[in-house]
Student: 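Got a structure for you, questions after.
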Amino acid sequence: MAPQHIIIIGAGIVGASIAHRLSLAGAKITIIDRAQAPGLGVSAASFGWITCAAGDPGIPDDVYRQRLQAIDDYTLLDREFGGRLCAPLRGAMVWGASDAETRDWAHRHAEKGSQVRLVNGVEITELEPMIAEPPALAACFSREKAVDVGHACAMLVRAARDRGAELILGQKALGLEAKGGRISGVRLNRQVLAADCVIVAAGAASADIVSNFMPDHGITMSPSALVTLSVDAGRLNHVIDGGGIEIRSLGNGDLIAACCVEHCHDAQVREVLAENVLARVQQLFPGIKNPAVDNVRIGQRPFVAEGRPLVSTAPHLEGLYLAVAHPGVILAPEISRQLAGMLSR
């Protein structure tokens, strides 16, 4: 029998996707998030690329199929939301350090099931006129999607609210309550909110929330950076992964670039990232007018130990589910699908 009242801790992309799916099934849901709006945690530092092209084609077949399925999932979600969920892009354009590397990358992804074609320099200019000096060869993945993650979280949560879900913002989940071998509620600042089921989807904060009942949660964190640039004119038609940068246009025309970092709290790291990204944009895309760095956001991506499922349960406590994974944006629809299946048993 499905639980009577489900609490979802976390209104990032994973929690929002779960709330959307469960509310469609008619579940009674309460969503709790310590931020003042959905999608302001690690989701706000997410590049939002729904991709196979960015990953190693040598990953296991079942993992690759999950990522292909994610592209289908977001295609359907975008249709459900009238074309307003996904960013207005034409797929992804990827190239390596040499033509041979690009050709090999495209071939290996095609063997795994991605729709990919090679394009020459003339075609690249036609498809992506902002590139000043296109490579001789690039791989186009036309089906790949991107989402402006904060915007997507807000849309998914709003849809769940429209179907009766309650939203509690600005309150941190301080802990979990259990009784008789079963979860019984969530402790907030001034109350305990009763629940028949609790889903913890709070990203990096999930470890502290579940630690008393799931000490083997296996969650570790790794930093990532997102650089946002405002522009006066010009936009990219694809997610670009080449020329030493991973970048795309947002729905409002601004640019975001994804960067790897090792340190989170060093102001100098942010300054160097901003300078490097701006210089690369000015060099590669001179047709984009007056790019300026608006923000460098560093977030803690949650990872779980290898071999753990996307949805974990506590060994001696019924009704508690941990929904944490990387890459969370790509895997959010699959996580929500698995949870819906588990709760319907």
Student: Starting from the C-alpha separation in whole Å, work towards a yes-or-no answer on salt bridge (Lys or Arg N to Asp or Glu O under 4.0 Å) for Asp78 and Lys145.
Tutor: CA-CA 10 Å; Asp78 194 45; Lys145 305 290 183 184; 5.5 Å; no
Student: Sort and list the pairs that fulfil side-chain hydrogen bond (donor to acceptor under 3.5 Å, both in side chains) and have at least one residue in residues 124-137, not counting sequence neighbours.
Tutor: Glu128-His238
Student: Less than 4.5 Å apart, any side-chain heavy atom of Pro88 and any of Arg235?
Tutor: yes
Student: Between Phe81 and His20, is the ring centroid distance below 6.0 Å?
Tutor: yes
Student: Any chance the side chains of Arg308 and Ser312 put a donor and an acceptor closer than 3.5 Å?
Tutor: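 Side chains of Arg308 and Ser312: pair found under 3.5 Å.
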Student: Which value, rounded to the nearest 0.5 Å, describes the distance between Leu77 atom CG and Ser17 atom OG?
Tutor: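 Atom-to-atom, Leu77:CG and Ser17:OG are 7.0 Å apart.
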Student: Within the 4.5 Å heavy-atom criterion, are Glu166 and Ile31 side-chain neighbours or not?
Tutor: no
Student: Look at atom NZ of Lys172 and say whether more than 12 heavy atoms of other residues, nucleotides or ligands are closer to it than 6.0 Å.
Tutor: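 Check fails, neighbour count at 12 or below.
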Student: Hey, does the side chain of Arg297 reach the backbone of Ala45 with a donor-acceptor pair shorter than 3.5 angstrom?
Tutor: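 Pair absent, no side-chain N/O of Arg297 close to backbone of Ala45.
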Student: I'd like to check Asn237 versus Pro129 (side-chain heavy atoms, cut-off strictly below 4.5 Å). Are they in contact?
Tutor: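 Yes. Closest side-chain heavy atoms under 4.5 Å.
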Student: Less than 4.5 Å apart, any side-chain heavy atom of Leu68 and any of Ser114?
Tutor: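 Leu68 vs Ser114: side chains touch.
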Student: Determine whether Thr30 and Ile6 make a side-chain contact, defined as any pair of heavy atoms from C-beta on separated by less than 4.5 Å.
Tutor: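 Result no, sub-4.5 Å side-chain heavy-atom pair not found.
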Student: Would you find more than 12 non-hydrogen atoms of other residues, nucleotides or ligands less than 6.0 Å from Arg34 atom CZ?
Tutor: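 No, because the 6.0 Å sphere around CZ of Arg34 holds 12 heavy atoms or fewer from other groups.
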Student: I'd like to check Met93 versus Ile131 (side-chain heavy atoms, cut-off strictly below 4.5 Å). Are they in contact?
Tutor: yes
Student: Going by heavy atoms in the side chains, are Phe285 and Leu255 under 4.5 Å from each other?
Tutor: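 Of all side-chain heavy-atom pairs linking Leu255 with Phe285, none is under 4.5 Å.
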Student: Applying side-chain contact (heavy atoms from CB on, under 4.5 Å), name anything that partners Ala53, two or more places apart in sequence or on another chain.
Tutor: Trp49, Thr51, Val94, Phe141, Glu144
Student: Got a second to check how far Gln66's CD is from Ile59's CD1, nearest 0.5 Å?
Tutor: 9.0 Å
Student: Determine whether Ile18 and Ile335 make a side-chain contact, defined as any pair of heavy atoms from C-beta on separated by less than 4.5 Å.
Tutor: yes
Student: Asp73 and Gln69: side-chain hydrogen bond (donor to acceptor under 3.5 Å, both in side chains), yes or no, with the steps?
Tutor: CA-CA 6 Å; Asp73 288 335; Gln69 180 62 49; 2.9 Å; yes
Student: Is a side-chain donor or acceptor of Arg280 paired with a backbone partner of Gly243 at a separation under 3.5 angstrom?
Tutor: yes
Student: In Å, rounded to the nearest 0.5 Å, how long is the span from NE2 of His151 to CG of Leu156?
Tutor: 9.5 Å
Student: Keeping Gln283 on the side-chain end and Ala279 on the backbone end, is there a donor-acceptor pair under 3.5 Å?
Tutor: no
Student: Could you list the residues that satisfy ring-ring contact (aromatic ring centres under 6.0 Å, His included) with Phe47, not counting sequence neighbours?
Tutor: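 Partners of Phe47 by the ring-ring contact (aromatic ring centres under 6.0 Å, His included) criterion come out as none, since no residue qualifies.
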Student: What pair of heavy atoms forms the shortest contact from Leu236 to Ser249, and how long is it?
Tutor: N-OG, 2.8 Å
Student: Can you list every side-chain hydrogen bond (donor to acceptor under 3.5 Å, both in side chains) pair that touches residues 102-111, not counting sequence neighbours?
Tutor: Asp56-Arg108, Tyr64-His109, Trp105-His109, His107-Glu111
Student: Do the side chain of His5 and the main chain of Ile29 share a donor and acceptor less than 3.5 angstrom apart?
Tutor: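 Pair absent, no side-chain N/O of His5 close to backbone of Ile29.
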Student: Take Ser211 and His217 through the test side-chain hydrogen bond (donor to acceptor under 3.5 Å, both in side chains) and record every step on the way to the result.
Tutor: CA-CA 7 Å; Ser211 59; His217 54 70; over 6 Å; no
Student: Could you tell me the separation between the CG atom of Asn295 and the CD1 atom of Ile256, rounded to the nearest 0.5 Å?
Tutor: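 These two atoms lie 11.5 Å from each other.
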Student: Which residue, Val227, Val281, Asn276, forms the side chain to side chain contact (heavy atoms under 4.5 Å, CB included) with Ile245?
Tutor: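 Exactly one candidate clears the test, Val281.
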Student: Under the side-chain contact (heavy atoms from CB on, under 4.5 Å) rule, collect the residues that match up with Ala340, sequence neighbours excluded.
Tutor: Arg21, Leu22
Student: Given Asn120, which partner from the list Leu118, Val122, Ile124 fulfils the side chain to side chain contact (heavy atoms under 4.5 Å, CB included) test?
Tutor: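 Option passing the side chain to side chain contact (heavy atoms under 4.5 Å, CB included) with Asn120: Val122.
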Student: ring-ring contact (aromatic ring centres under 6.0 Å, His included) with Phe303: which residues, sequence neighbours excluded?
Tutor: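 Phe303 satisfies ring-ring contact (aromatic ring centres under 6.0 Å, His included) with His326 only.
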